[in-house]
Amino acid sequence: MLSPKSKPSYGVIVVPDRITKKDYDTVVIGGGPAGLAAALKAREKGLETLVVETRDRLGGIPLQCIHPGFGIHYFKEDMTGPEFVYRFIDKLLSTDIDYTVKSYVNMAEYVSPMEKKLEIITPYGTEIVRTKTIIYAAGARERTRYEIGITGPNPAGIMTAGEAQTLMDMYGVMPGKKILIVGSGDVGLIMARRFVLEGAEVVGVVEILPYPSGLIRNVQQCLKDYGIPLLLSHMVISVKQRNGRVSSAVVVKVDENFKPIQGTENEIECDTIVIAAGLKPRTKLLESLGAQIDPRTKGPVVNEYFETTIPGVFAAGNALIINDYVDYAVEQGELAALAATKYVDEKGIRIKKPVKIVLGRNMRLIVPQMLTLTSDALFYGRVARPEDNVWLSFKEIGFKIPQLKVLPSIMIRQKIRLDKLRMLETDTLTVEVIPRD
Amino acid sequence: MTRQVKKIICIVCPRGCEITVELEDGKIKSIKGYSCPLGKQYAEKEVVNPERILMSIVECVGGDLPVVSVKTAKPIPLSRMIEASKALADIAVKAPVEIGDKIFENLLGLGVDVIATRPCHEQRG
Amino acid sequence: MYRTIIIGAGITGLSIARWLTRYRGLQVIVIDKEPDVGWGVTKANTSIIHPCHEEHPDKHPLRSKLCLEGHNLWYKWVKELEIPAKWPGEIIVATNDEELKGLHKYIDYAYRIGVPGVRLIDRGEMLRLEPWINPDAIGGLYAPTAGTINPMMAAIAIAENIVDNGGKLLLGTRVEDIVVRDGKVVAVETSKGGIEADIVVNAAGLYADKISRMAGIDDYSIHPRRGQYLLFSDRVDVKPNKILHTAPTPKTKGVYAITTVDGNLLIGPTAEDLPEEAREENTTTHQGLDFIYEMASRILRKLPPRNKVVKTFAGLRPEPSTGTFIIRFHEKPWGFVEAAGIRSPGLTAAPAIGKHVSKLIIERLENIEPRKDWRSKRQAIPRPAYMAPRERDKLIRENPDYGWIICVCRKVSLGEIMEAVKRMKKIGVPEITLDGIKFRTHSMYGDCQGSQCRPHIAYLLWKRLGIQPWRITTKGDGSKYAFTEVKALLRGDRGA
């Protein structure tokens, strides 16, 4: 590390860095909602805590989500993304939690159960830090046009919803005038409204599913309020360009297997295509540590402490599982921090009885994927297809919860108490959705 | 006597209840399908005069970001959202700005203020 | 002083220019219509330095000679210019007896051309050499000398070296006519005015026939042959060490599967003959991508799922009507030189084409001497994330920008981005483009294709250099990144 005296003052540092130690109880990777909540809870429980953030400020993605809809569960208040996340930032700044921005964990090494070594690149030099636990809350990245199979040339004007949002609401830059949105998840719907409110034209929102993937209230207040067309069972198969900028999208109707129907191609003129086709947990560092990745969640395999397959390395927020609400990310951060505290206090998480969670009927994904049977468990999952009037069933313990409606776009969150889990006689627990009659 | 049935998607919380409002000569006769008092209130308002919170950005001079994010302190009529957003196009504020700072008073004469939702610190270095 | 104008800043034109800067008495100017180097044929190809055993020594004597010579020169060039390269060798994978039989002739070609080590291998040895090969394959042809480089990094490195040696690049400049007087070329008319010239070299890739016609040469034509590719994430487990490809057909060298120097699995290309006018049709199609995926599955044990693709792209190759390289010094008009129809193995041959063409020029000029002060070396942009901490900290102490990683997929620091901008200015780009930064730093080049870092890079360029995001383009021309300020549309200034 360079001497603090040589720290230059330049650029857009909003908060100074603060790495005062060489050894921590926990290092939180990612300064978004999950990471901030984890750090606050960890410090509250007495852990020496460091937060590492790659951007030039704490806060993560909510900083650019200027629409309301945040904090309804956590603060029982409806606020915008920045308002929500600044509650955490302000609180963190009032504690002695160490943090560093513009900093990147270049390497993580598992040395022993109580020692992980991190190499952090910062504008002040390389910091080598040792920690007992890691809480990985590095968020997610968006899927790109290539991942959803849009062919054609590679012109300017095709960007993810998050990129468009950063440009508009962090930097005040308008990416286009005539916008086509791909994907009707909440992000796509919210961006459609943002564009209209700033005077751009949104020519449509294209969704491959036969129903909108976002919340129904967002379909109302983002699309219907402004008369934006929603094209269900459609996909963009290719793009066309003029002078290096996108000039139109070729949209086609799909059948029930999501295969394009011949002869239904339709060219929609636009100067910008915004891809809002879902998120993928960022797992690069976890993979480098050897953590197992779940092909369903695309995040790490974890137990009910959100501990990955690497002892003492926990995950939370969208790096763990793609969440519907920021409140869930915060909840996971706090739970991971409590787990890290337990890990530090008890020198590891012990397994009473290893249990594997099995996906049963109509379940697409779930965390945790395994249990130690030493604690209550909070499950987050998604179904494979919409269904009405069903049970969410935890088969082997005979525990069933009625559900009026399940949708892939709405995350299931269910807590199961330890005394219930202890009734398990097998080493697997099947989670399934079954008809009510 | 004219009877009218309006179906509304409640936007108060993520649940998205479908509320049916029955109107007689423009007066509410019945409201069905809400799950909480806030939902009922919303439906009453929505059939007569739909209102929304406006969110936008305003230029911030000398700040660590070029813009500050803002919202209306109270909902404003849906029909005037774009007009209201336009009213924010010609103004600029000076850093520093804190969350909750009043950015614009009495937007379009609606008696609603516009407040900052993100701090904008003074640019340093 | 003789002024030599080279039309085309692709790998061919730049290689010629690099050789010419070695001589005193020559002024070297490279012109390209694009705002940066290597944006034509060089940008999108399979990136292989071929062993050259697949060239027919009788049908293409010059091509096979230049291929091998170029191959051997690349070993030196990648060191001198710090171009990312590796030399894993290649295997042509035969899936049936007929294919296997067809491979025998290459042993003969290799022997006659002078390519070392080319031999047939049986299934067992093949799978030991490369466990990622499909076990259904029956045998193959091994050529241990094959390598791969990053062609864009190569073009950029050569361009920097040219400028460092006093050469000049005129980018974003379109050639409109070649002026011939008294049977000699005397000038080039461009979109930015006329430039006098003693020698004009046509290395215009896809447009070479059009340039030749400007000089009155009309004995060949170029049509584009499209090659589509799928590039997979650097995090997929399928990482063949050797360069693999299907048995060649008369049209192509087959479909390749290679792990690039950047660690990505690349499969492709197709070989689609497009009409003459389709010289900018570098577009992908579902049909083409499906074909590649199917072909690659024949030679690989396993393929990553399609959604692990980070990018699909297409390149166009200049296919000459003569079927072979057109390299000649014209006596009529005197001073007009062609390096046209440089299709595969053009990348491999480039340094040798440069040497060959420069020789054609030099031997016709008087008072040309090799320079003693010619600089062979060029340094790559430092990459702090890949350095040892001590070395990295030295760099960061000098410039803290090297300590802020902006692109997390590829671990690229702000320092690298700013250095790339500096170098772009030095070689004379008419504008800073996002693609120019991407090719130099590999930011915006990873799994997220820039969705995470691009807006921040655009913002930092605005803060540091005053280039507003609505003035910056992705690839020049009308490819603007953004349109205006957010509030400008409501204010009614839709002009931006």
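Because the structure is a prediction, the values reported are computed rather than measured. Letters go in sequence order (proteins before strands), and every chain restarts at 1. All heavy atoms count here, side chains included; hydrogens, waters and symmetry mates do not.
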Residue [X] versus chain C: region with a heavy atom under 4.5 Å:
{"X": "A:K280", "result": "side chain"}
{"X": "A:E287", "result": "side chain"}
{"X": "A:M159", "result": "side chain"}
{"X": "A:I275", "result": "neither"}

Starting at [atom1] of [X], measure out to [atom2] of [Y] and round the result to the nearest 0.5 Å.
{"X": "C:L460", "Y": "A:D56", "atom1": "CG", "atom2": "CG", "result": "7.5 Å"}
{"X": "C:K411", "Y": "A:M107", "atom1": "NZ", "atom2": "CE", "result": "6.5 Å"}
{"X": "A:N154", "Y": "C:N282", "atom1": "CG", "atom2": "CG", "result": "7.5 Å"}
{"X": "C:L489", "Y": "A:E201", "atom1": "CG", "atom2": "CD", "result": "11.0 Å"}
{"X": "C:C453", "Y": "A:R55", "atom1": "SG", "atom2": "CZ", "result": "7.5 Å"}
{"X": "A:E142", "Y": "C:Q452", "atom1": "CD", "atom2": "CD", "result": "8.0 Å"}

Subject >> Residue pair A:R245 / C:K480: nearest heavy atoms and the distance that separates them >> reply: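 Closest approach of A:R245 to C:K480: NH1-O, 2.6 Å.
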
Original post:
What are the two closest heavy atoms between A:A156 and C:S479, and how far apart are they?
Top reply: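 In terms of heavy atoms, the two residues are closest at CB-O, 3.4 Å.
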
Most contacts with chain A, counted as non-hydrogen pairs under 4.5 angstrom, among [options]:
{"options": "C:Q449, C:R392, C:E281, C:K475", "answer": "C:R392"}
{"options": "C:C409, C:G288, C:P384", "answer": "C:C409"}
{"options": "C:V408, C:L434, C:I406, C:T474", "answer": "C:V408"}
{"options": "C:T473, C:T283, C:L289, C:T285", "answer": "C:T283"}
{"options": "C:G415, C:G476, C:P469", "answer": "C:P469"}

With a sphere of 6.0 Å drawn around [atom1] of [X], does it hold more than 12 non-hydrogen atoms of other residues, nucleotides or ligands?
{"X": "C:R174", "atom1": "CZ", "value": "no"}
{"X": "A:E269", "atom1": "CD", "value": "no"}
{"X": "C:K239", "atom1": "NZ", "value": "yes"}
{"X": "A:E109", "atom1": "CD", "value": "yes"}
{"X": "A:K284", "atom1": "NZ", "value": "yes"}

Taking the side chain as everything from C-beta on, heavy atoms only, tell me whether [X] gets closer than 4.5 Å to [Y].
{"X": "A:T283", "Y": "C:R235", "answer": "yes"}
{"X": "C:P455", "Y": "A:M170", "answer": "no"}
{"X": "A:D271", "Y": "C:F483", "answer": "yes"}

Subject >> Which of A:R282, A:E147, A:E198 touches chain C most, by non-hydrogen pairs under 4.5 Å >> reply: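 Looking at each of A:R282, A:E147, A:E198 in turn, A:E198 comes out on top.
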
Original post:
Between A:T151, A:T144, A:V246, which has the largest tally of heavy atom pairs under 4.5 Å with chain C?
Top reply: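 It is A:T151.
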
Short side-chain to backbone donor-acceptor contact, [X] and [Y], under 3.5 Å:
{"X": "C:D393", "Y": "A:T126", "result": "yes"}
{"X": "C:W404", "Y": "A:T54", "result": "yes"}
{"X": "C:T284", "Y": "A:G152", "result": "yes"}

Atom pairs and distances, side-chain donor-acceptor, residues 305-314 of chain C, under 3.5 Å, sequence neighbours left out:
unit_1: C:R306; atom_1: NH1; unit_2: C:D290; atom_2: OD1; d: 3.0
unit_1: C:R306; atom_1: NH2; unit_2: C:D290; atom_2: OD1; d: 3.1

Subject >> Interface moiety of C:D447 toward chain A, non-hydrogen atoms closer than 4.5 Å >> reply: both

**OP:** Run the numbers on A:V173 and C:Y481 for side chain to side chain contact (heavy atoms under 4.5 Å, CB included), then give the verdict.
**Re:** CA-CA 10 Å; A:V173 175; C:Y481 177 50; 5.9 Å; no

Subject >> Whether C:Y459 and A:Y171 hold their rings parallel, tilted or perpendicular, with breakpoints at 30° and 60° >> reply: parallel

